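What follows is one structure encoded as structure tokens, with my remarks underneath.
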Amino acid sequence: MSDYDFDLFVIGGGSGGVRAARMAAQRGLRVALAEVLGTQGLGGTCVNLGCIPKKLYSYAAHYSEAFEEARGFGWQLGETRFDWATLKANRAKEIARLNGVYANLLSGSGVTRFDGFARLVGDHDIELATLHADGSPGHQRFSAAHILIATGGTPHVPHFSGREHVITSNEVFDLEPFPKRLLIVGGGYIACEFACIFNGLGARVTQLYRGEQVLRGFDDEIRHFASAEMAKAGVDLHLNAGVVDIRKTDDGLVVRCEDGNTLTVDAALYATGRVPNTEGLGLEAVGVAQGAKGEVIVDERYRTNVPHVFAVGDVTDRVQLTPVALGEAMVVVDEICGPAPGKAPRDMSYDFVPTAVFTHPSIGTVGLSEAQARERFGDVTIFRSEFKALKHTLSGRNERTLMKLVVDTKTDRVVGLHMVGAEAGEIVQGFAVALKAGATKAVFDSTIGIHPTAAEEFVTMREPVKRAAAG
């Protein structure tokens with residue numbers, strides 16, 4: 001590989017790109033990484049415009065609930081006031097700190113960093129577009145034995161009249177002023193999370209979704225239960241509903257809906273999916289195969305049809321989760337460098353990948369939904385528990401918790417575990433290890449619960465749900 005400027009050139013400074021770059025450098029490779037830092041810092045969508053700021057804003061939104069709940073526990077609180085500017089400033093400060101952490105990880109590993117837009121211009125050649133100190137454009141060209149595409153995804157907004165007036169999750173964190181009336185269009189986890197966040201922060205939130213129920217792809221019971229809890233908390237959710245057009249007026253954005261009704265809002269957030277961020281990368285010129293949405297097509301080792309070009313993370317449109325991109329990056333490092341001494345090459349499994357949705361209340365899930373399990377195994381046994389959490393016996397809130405186990409009847413293995421309730425992600429993360437290890441319902445039953453907790457319900461459910469026979 002010494003005939004090239006670098007052994008590995010990574011395009012994209014998100015979670016997967018940074019992990020691959022620094023781990024490959026630690027294994028002795030000459031590694032470069034390019035990211036356009038003028039638009040966001042290192043860390044990609046997760047750090048800058050996704051997981052981290054979203055969770056911080058979710059924490060902020062929960063305080064409004066906590067202030068109300070405190071009265072039931074004897075606390076007398078004075079007047080409370082939310083300051084949007086303070087939250088934005090403190091979030092920006094924390095994100096800047098994390099950007100620095102990523103930069104230090106790369107420099108400490110010996111990775112050469114470039115601030116610029118990189119694209120493929122030859123089989124092993126990358127052109128880097130940069131800006132000189134005086135603002136004039138500049139170009140550099142490098143060669144690399146291996147190239148990794150890790151440019152992530154970007155929000156997609158459909159074409160309609162008034163499209164120019166809407167925002168996406170990229171802009172929502174720094175809205176000015178705070179939107180007292182907010183429209184959210186979409187029914188995925190991003191739409192539902194921001195609906196709950198801004199509802200908790202004090203906005204009047206209207207959510208429109210063209211489907212029959214939000215959170216498509218999740219277990220059906222979880223979807224219906226979570227949407228009911230969101231509505232109960234104040235989110236004005238409309239299903240089978242869409243937007244015709246949006247007009248800007250002195251009073252705000254006037255939204256004409258498909259049912260003929262109109263509403264006036266201060267901001268309209270479109271969370272209608274994300275697409276692979278491949279525009280301008282030069283993939284076509286090199287012959288890298290792409291799918292219908294522009295996703296980079298890769299094999300099980302994340303190699304494209306061009307043998308020395310790899311891709312990981314959201315740009316491949318597989319499982320759009322940060323920890324998944326990290327795992328994929330390590331497979332690429334082993335593929336290029338060979339496995340670490342004394343270890344087998346890493347593989348990436350998409351079975352039992354846990355995930356959380358930071359709605360209020362939150363969702364945690366791992367494994368198969370009930371419908372998926374029935375399709376795969378035929379005979380499944382369902383265990384379900386719905387209850388008011390101990391905290392809310394005094395808080396005055398009518399929030400409820402749902403827990404569900406999906407069991408392959410033939411083997412007794414637990415193949416799906418789902419929860420809607422406080423700290424669902426924290427709880428499900430632990431149980432994900434058990435499902436990955438192949439735990440059976442008998443193992444769950446023999447495990448002693450921690451009392452009093454919500455999590456103990458997963459090991460104390462004994463009576464299966466009786467489903468009506470088909471037909």
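As the structure is a computational prediction, the values presented were derived from the model and not from experiment. Keep in mind that the numbers below use all heavy atoms, side chains included, and drop hydrogens, waters and symmetry copies.
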Are any of the side-chain heavy atoms of [X] and [Y] separated by less than 4.5 Å?
X      : Y      : value
Asp123 : Val306 : no
Ile11  : Thr151 : yes
Ile363 : Thr355 : no
Phe6   : Val31  : no
Val406 : Phe383 : no
His146 : Phe9   : no
Ser15  : Tyr102 : yes
Val331 : Glu300 : no

Before accepting this row, confirm whether a basic side-chain N of the pair [X]/[Y] lies closer than 4.0 Å to the acidic partner's carboxylate O.
X      : Y      : result
Asp412 : Lys441 : no
Glu94  : Arg97  : yes
Lys55  : Glu193 : no
Arg141 : Glu127 : no
Lys88  : Glu176 : yes
Asp334 : Lys343 : no
Glu370 : Lys404 : yes
Asp245 : Arg163 : no
Arg181 : Asp266 : yes

Spatial distance of atom [atom1] ([X]) from atom [atom2] ([Y]) [nearest 0.5 Å]:
X      : Y      : atom1 : atom2 : value
Asn90  : Leu56  : CG    : CG    : 9.5 Å
Lys436 : Ser349 : NZ    : OG    : 3.5 Å
Thr447 : Phe431 : OG1   : CZ    : 8.0 Å
Glu229 : His224 : CD    : NE2   : 14.0 Å
Asp317 : Gln290 : CG    : CD    : 12.0 Å
Arg91  : Asn48  : CZ    : CG    : 9.0 Å

message = side-chain contact (heavy atoms from CB on, under 4.5 Å), that's the test. Do Val315 and Glu295 meet it? Break it down for me.
response = CA-CA 6 Å; Val315 76; Glu295 71 274 18; over 6 Å; no
From CA spacing to verdict: side-chain contact (heavy atoms from CB on, under 4.5 Å), Arg119, Ile126 = CA-CA 6 Å; Arg119 67 187 184 97; Ile126 303 100; over 6 Å; no
Please answer whether the main-chain N or O of [Y] pairs with a side-chain N or O of [X] as donor and acceptor at a distance below 3.5 Å.
X      : Y      : value
Thr365 : His418 : no
Glu456 : Gly449 : no
Asp115 : Val36  : no
Thr316 : Val312 : no

request  = Please report the C-alpha distance between Arg30 and Asp7 in whole Å, then the side-chain angles of each, then the deciding distance to 0.1 Å, and finally whether the salt bridge (Lys or Arg N to Asp or Glu O under 4.0 Å) criterion is met.
outcome  = CA-CA 5 Å; Arg30 298 167 301 145; Asp7 301 320; 2.8 Å; yes
Heavy-atom pair with the smallest gap, counting every atom of Ala424 and Met419 =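 Looks like CA-SD, 3.8 Å.
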In terms of the angle between their ring planes, are [X] and [Y] parallel, tilted or perpendicular, with boundaries placed at 30° and 60°?
X      : Y      : answer
Phe82  : Phe178 : perpendicular
Trp84  : Tyr57  : perpendicular
His124 : His308 : parallel
Phe198 : Phe194 : tilted

task = Starting from the C-alpha separation in whole Å, work towards a yes-or-no answer on salt bridge (Lys or Arg N to Asp or Glu O under 4.0 Å) for Arg301 and Glu328.
result = CA-CA 8 Å; Arg301 306 301 291 175; Glu328 293 173 349; over 6 Å; no
inquiry  = Ring centres under 6.0 Å, that's the criterion: do Phe142 and Phe114 meet it?
reply    =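 Yes, they do, as the ring centres are separated by less than 6.0 Å.
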inquiry  = Please identify which of these residues, Thr278, Val10, Val288, Leu120, meets the side chain to side chain contact (heavy atoms under 4.5 Å, CB included) condition with Ile149.
reply    =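 Result: among Thr278, Val10, Val288, Leu120, Leu120 is the only option passing the side chain to side chain contact (heavy atoms under 4.5 Å, CB included) with Ile149.
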